[in-house]
Number of protein chains: 2
Amino acid sequence: MASAATDLVFRPLEGQDALSLAEGAYRRLRDAIVRGELAAGTKISERGLALTLGISAQPVREALRRLEADGMVLTQPRSGTIVAEFGPDRLAEMGRIRAALEGTAAALAAERADDAALALMEAQLAVMRDATAAADTARLAAANERFHALVHAAAGNAFLLRSLTSLRAYDHFNRVRALESTPKELPKALAEHEGLVKAFRKRDPELAEERMRAHVIRSLRAGGVLKKGKK
Amino acid sequence: MASAATDLVFRPLEGQDALSLAEGAYRRLRDAIVRGELAAGTKISERGLALTLGISAQPVREALRRLEADGMVLTQPRSGTIVAEFGPDRLAEMGRIRAALEGTAAALAAERADDAALALMEAQLAVMRDATAAADTARLAAANERFHALVHAAAGNAFLLRSLTSLRAYDHFNRVRALESTPKELPKALAEHEGLVKAFRKRDPELAEERMRAHVIRSLRAGGVLKKGKK
DNA sequence: CATGGACAACTGCTATAGCAGTTGGCAATC
DNA sequence: GATTGCCAACTGCTATAGCAGTTGTCCATG
């Protein structure tokens, strides 16, 4: 019998297809997991998945190792790999980890971002102002993503970039929800982003770190990932 | 001609040898890099390294992917892999990232550590008290390592554990240095550890996070990784 | 001497095959 | 009926071979 994942219909990868098969398999699997198409506890077989995806077992294995590092699957050596669970507690953990790392990234960005990078951020701010005024949540979400990516790039640390990219996936659970939750949420987030860039302009790492941290935590609360009472 | 890494003599792996070849290759390479035996910019070939280690190319490749995630090597697709550089700036970055993640781990540990885990930590504290009194830096370093590992385990997050384990490797650059630097350093670190456990006992995540963060940052300053003036 | 251009020797990446543990069920035994 | 041992069908892991890009060198050409 083939793996339980065999039945799954994976959505094709959009955008550039020049990716390696391992990278493609990683993204497909990651997306399938966060979308709930692969329930927690589902057994995953390297061979079975390779058959489903129409590729060899090696790239699949590589993808699974990355997912394991991301905390999305658990591998028992010589036994099997299963999809990890994503209860509220775990999502809250990942959110707090992300807040800490985003804060560090902001601190580094405040020290290093050059004028070109800051200009790009401000360009995204302009887009976000428009989208906020128009209440265009889809456009806003995209601009928000690009803004944070610019900060990560400005930080200029490979480990940090990689970690934050991995953590971003967990955000899919509540991203749209957070933006649509409250009418007050949109302008509040915009103001925080603007304050962030001001901190960058002032070259104030500590201020930038604290603001980014607070921003992420508050947005997580708005999405219900973090409880109101707790830090 | 074989790779430049071929000449290297790798130290055998101590302890358990039941590890997978990929895991073994990862540790060997990581240690060789942090020890400076593989200079920055050194070209690494999957095949060449496999030949040197006497294993196949697949485990080597897997090790290199992990090292890339750790920020220790850079891989240009279809071109080559080289050892990354570790200037003072980069080490400072990694230290700040580690401080942030250790802080989050401490916060989670404060919420979840049960009596058994706390007892284990206090057992390590006792060892550290002895070692500090005897100025036995080697014993102290080992106990210190175990103590932090206990905190990471108590946090109970796979991603966090993996990340901190990776970051720990960077600490090799200055670990011994930090402990031997000042006579005042040892008792100071001990006091901080004790304060940390008290915060755990009080179930105060915010206090634990702040104390852990301050502890890591101060120890990094003692080792010269972070400048005195900066955060 | 400077300049392309092709070829050979790399590189990372993927496919196939087979090894060695682990697991679960079925049959023989108590 | 409960228990134990065994065997077949898995599992992740590793080895070998070959693909497809990239790179540098050497020779022909201007």
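Chain A is the first sequence line, chain B the second, and so forth, proteins listed ahead of strands; every chain is numbered from 1.
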Peer 1: Check the distance between dC13(C)'s P and Q76(B)'s CD and give it to me in whole angstrom.
Peer 2: 10 Å

Peer 1: Expressed in angstrom and rounded to an integer, what is the separation of L67(A) atom CG from dG12(D) atom C1'?
Peer 2: 16 Å

Peer 1: Measure CD/E68(B) against C1'/dC13(C) and give the value in whole Å, please.
Peer 2: 13 Å

Peer 1: Ignoring backbone atoms, test whether S79(B) places a side-chain nitrogen or oxygen under 4.0 Å from the OP1 or OP2 oxygen of dT23(D).
Peer 2: yes

Peer 1: Does a side-chain N or O of S56(B) approach OP1 or OP2 of dT14(D) to a distance below 4.0 Å, or not?
Peer 2: no

Peer 1: For dG12(C) and T81(B) - does any side-chain N or O of the residue sit under 4.0 Å from the phosphate oxygens OP1/OP2?
Peer 2: yes

Peer 1: From CD of E62(B) over to P of dC13(C), roughly how many Å is that when rounded to an integer?
Peer 2: 13 Å

Peer 1: Would you kindly give the NZ-to-C1' distance between K43(A) and dC10(D), to the nearest whole Å?
Peer 2: 8 Å

Peer 1: Give a yes or no on whether a salt bridge exists between R96(A) and E111(B), defined as a side-chain N under 4.0 angstrom from a carboxylate O.
Peer 2: yes

Peer 1: Atom CD1 of I82(A) to atom C1' of dG12(D): distance rounded to whole Å?
Peer 2: 14 Å

Peer 1: How about L220(A) and D171(A): do any of their side-chain heavy atoms sit closer than 4.5 Å?
Peer 2: yes

Peer 1: Would one find a side-chain N or O of R65(B) under 4.0 angstrom from OP1 or OP2 of dG12(C)?
Peer 2: no

Peer 1: Got a salt bridge between R211(A) and E102(A), using NZ or NE/NH1/NH2 to carboxylate O under 4.0 Å?
Peer 2: no

Peer 1: Quick one: is S45(A) getting a side-chain N or O under 4.0 Å of the dT11(D) phosphate, OP1 or OP2?
Peer 2: yes

Peer 1: Check whether R203(A) reaches the backbone of A110(A) with its side chain - one donor and one acceptor, N or O, closer than 3.5 Å.
Peer 2: yes

Peer 1: Which residue lies toward the 5' end of DNA chain C, A57(A) or E46(B), if each is placed at its nearest nucleotide?
Peer 2: E46(B)

Peer 1: Under 4.0 angstrom, heavy atoms only, what part of the nucleic acid is I55(A) near: base, sugar-phosphate, or nothing?
Peer 2: sugar-phosphate

Peer 1: Hey, does the side-chain of Q58(B) have a donor or acceptor N/O within less than 3.5 Å of a partner on the base of dT14(C)?
Peer 2: yes

Peer 1: If we ignore hydrogens and angles and just use 3.5 Å, is the side chain of R61(A) paired with the main-chain N or O of E62(B) as donor and acceptor?
Peer 2: no

Peer 1: Separation of R61(B) atom CZ from dT14(C) atom P, in whole Å?
Peer 2: 6 Å

Peer 1: What's touching nucleotides 18-21 of chain D from the protein side, N or O pairs under 3.5 Å?
Peer 2:
residue	atom	partner	partner atom	Å
dG18(D)	O6	R47(B)	NH2	2.2

Peer 1: Between side-chain atoms of residues 155-167 of chain A and protein atoms elsewhere (two or more places apart, or another chain), which donor-acceptor pairs fall under 3.5 Å?
Peer 2:
residue	atom	partner	partner atom	Å
N157(A)	OD1	F159(A)	N	3.0
N157(A)	OD1	L160(A)	N	2.9
N157(A)	ND2	E93(B)	OE1	2.4
S163(A)	OG	F159(A)	O	2.9
T165(A)	OG1	L161(A)	O	2.7
S166(A)	OG	D70(A)	OD1	3.0
S166(A)	OG	R162(A)	O	3.2

Peer 1: Take atom CG of L51(A) and atom C1' of dC10(D), then tell me their distance rounded to the nearest Å.
Peer 2: 15 Å

Peer 1: Would you call the rings of H148(A) and H193(A) parallel, tilted or perpendicular if under 30° counts as parallel and over 60° as perpendicular?
Peer 2: perpendicular

